[in-house]
2 protein chains.
Amino acid sequence: MASGKNPARERVIKAASHLFYMEGIRSVSMDAIAERAGVTKKTLYYHFTSKDELIAAHLAQRDQPNLAAFSMWLAEAEGLLPERIEHFFERMASAASHPKWKGCGFQRTTAELANAPGHPARRIGAAHKKKVEQWLEDELRGAGIAEAAPLARQISVLIDGAFASMLVHRDPGYARTAGMAARTLVETALRA
Amino acid sequence: MASGKNPARERVIKAASHLFYMEGIRSVSMDAIAERAGVTKKTLYYHFTSKDELIAAHLAQRDQPNLAAFSMWLAEAEGLLPERIEHFFERMASAASHPKWKGCGFQRTTAELANAPGHPARRIGAAHKKKVEQWLEDELRGAGIAEAAPLARQISVLIDGAFASMLVHRDPGYARTAGMAARTLVETALRA
DNA sequence: GTCTATAAGCCGATAGAC
DNA sequence: GTCTATCGGCTTATAGAC
């Protein structure tokens with residue numbers, strides 16, 4: 001479905017994704033998306049019946065790549081679990097150091113749609129974060145942590161806290177702060 | 001109209017504050033604010049030269065009450081520091097249980113203004129979070145923690161992570177998750 | 001309360017593929 | 001011939017600002 005079979009549709013999602021992440025949801029117009037995608041608004045509304053649907057499609061497309069990046073950041077790390085977790089947060093910090101970085105798209109979209117709890121994009125965002133949590137739980141259990149679920153939840157809270165703090169203060173150092181906390185929590189769990 | 005004890009400017013800020021928090025920044029119009037405040041748009045633009053200025057004023061007004069609430073949540077707690085910190089997060093959870101709760105206004109405003117790093121409201125938001133961090137540091141040091149600064153930073157990341165996670169999943173339980181993590185971190189620091 | 005700009009969404013028509 | 005994907009222009013509502 002999302003293969004190269006539909007150039008225009010793909011270009012629209014790509015354009016929307018870029019603009020939504022860079023500018024925010026509500027400040028981006030459908031006209032701007034159409035222009036950037038190189039299609040007319042008629043084509044845009046042929047593929048997406050509303051802006052809300054396009055917002056959801058944009059987040060849906062970011063789901064897997066995001067999970068893959070997270071997975072890689074942990075997989076590439078060497079050493080024992082505490083060091084590997086800390087490396088993960090170090091990678092968050094370096095990602096946030098890029099000048100175009102503007103926080104977590106899922107979190108920002110959720111914040112901007114706080115008045116629309118049933119919005120399709122909200123569901124996709126929540127599902128994405130749950131997947132992160134589940135992935136963490138599997139990794140922790142695989143590394144020998146017995147009570148993996150609560151620790152995975154705690155680390156996922158630290159991840160989102162790092163995203164939020166780095167954006168507020170424009171300081172990647174907060175990911176390292178979160179990493180130290182996560183390391184302490186993992187070490188404590190390993191001792192139990 | 002009904003001025004006197006309730007000056008127009010105050011009513012405008014109060015109306016804006018309510019609408020911005022409930023609906024988000026960009027989805028609230030100046031007309032809606034004027035209507036809710038019971039003033040004409042002429043009066044509104046007499047007190048605030050732009051919407052951006054009003055956004056900043058709204059956050060500035062929330063700064064002190066927010067800090068006061070945080071302070072109370074910790075002050076009212078009994079027991080030792082780890083229990084008191086956990087109580088703080090429990091109070092976050094109960095605040096988030098109210099049906100009208102929609103996350104942290106500072107965090108959501110920052111997210112919505114992610115494309116405007118120099119926006120006055122961004123500076124006020126960042127300053128507010130720094131004050132929270134500083135207040136935590138003072139409290140921790142007062143409770144006998146030597147290296148209070150890094151721990152305060154870690155707990156502030158947990159606070160923002162709790163705000164973000166509770167909003168995404170619409171589940172106050174994430175504040176308790178953050179509370180357990182914070183408790184572990186405090187206990188570890190106390191042992192050092 | 002008026003102005004100007006711009007937002008989201010809609011419509012009839014059409015060229016090429018099957 | 002029908003179907004699919006595309007195009008340009010238009011309507012109505014509402015935005016911020018004075």
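In what follows, every heavy atom counts, from backbone to side chain, and hydrogens, waters and symmetry copies are set aside.
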### Query
What residues, two or more places apart in sequence or in another chain, satisfy side chain to side chain contact (heavy atoms under 4.5 Å, CB included) together with B:Ser71?
B:Trp135

### Message
What I want to check is whether the side chains of B:Glu53 and B:Thr49 have a donor and an acceptor closer together than 3.5 Å.
### Response
yes

### Message
Less than 4.0 angstrom between a side-chain N/O of A:His47 and OP1 or OP2 of D:dT4, yes or no?
### Response
no

### Query
B:Ile33 has an atom CD1; how far is it from atom P of D:dT14, in whole Å?
16 Å

### Query
Of all residues at least two apart in sequence or in a different chain, which pass the side chain to side chain contact (heavy atoms under 4.5 Å, CB included) check with A:Ala126?
B:Val168, B:His169

### Message
Mind checking if A:Thr40 touches a base, just sugar-phosphate, or nothing, with heavy atoms under 4.0 Å?
### Response
base

### Query
Who pairs with A:Phe163 by ring pair (Phe, Tyr, Trp, His ring centres under 6.0 Å), at least two apart in sequence or on another chain?
none

### Task
Measure from CZ on A:Arg11 to P on D:dA5 and round the result to the nearest Å.
14 Å

### Query
To the nearest Å, how far apart are A:Tyr46 OH and D:dG8 C1'?
18 Å

### Query
For DNA chain C, which nucleotides open and close the run of contacts to chain A, 5' to 3', at under 4.0 angstrom from a non-hydrogen atom?
C:dA7 to C:dG12

### Task
Using a cut-off of 6.0 Å, state whether more than 12 heavy atoms not belonging to B:Glu90 lie near its atom CD.
yes

### Query
Do B:Arg62 and B:Tyr21 meet the cation-pi criteria used here (NZ or CZ under 6.0 Å from the six-membered ring centre, within 45° of the axis)?
yes

### Message
Taking 4.0 Å as the cut-off, does a side-chain nitrogen or oxygen of B:Ser29 come that near to OP1 or OP2 on D:dA15?
### Response
yes

### Task
Could you check A:Ala32 against A:Thr49 and say which one's nearest nucleotide on DNA chain C is further toward the 5' end?
A:Ala32

### Task
Grab the CG-C1' distance between B:Leu44 and D:dA15 for me, whole Å please.
14 Å

### Task
Give the rounded distance in Å between these two atoms: CD1 of B:Ile55 and P of D:dA15.
14 Å

### Task
Only counting residues at least two apart or in another chain, list the ones meeting side chain to side chain contact (heavy atoms under 4.5 Å, CB included) with A:Ala189.
A:Ile145, A:Leu151

### Under 3.5 Å side-chain donor-acceptor pair for B:Glu78 and B:His87
no

### Message
Angle between the two end axes of the helix from C:dG1-D:dC18 to C:dC18-D:dG1, five base pairs per end, rounded to 10 degrees?
### Response
10°

### Message
More than 12 heavy atoms of other residues, nucleotides or ligands under 6.0 Å from CD of A:Glu147: yes or no?
### Response
no

### Message
In whole Å, I'd like the distance from the OH atom of B:Tyr45 to the C1' atom of D:dA15.
### Response
9 Å

### Message
By nearest heavy atom, map A:Asp31 and A:Thr43 onto DNA chain D; which one lands nearer the 5' end?
### Response
A:Thr43

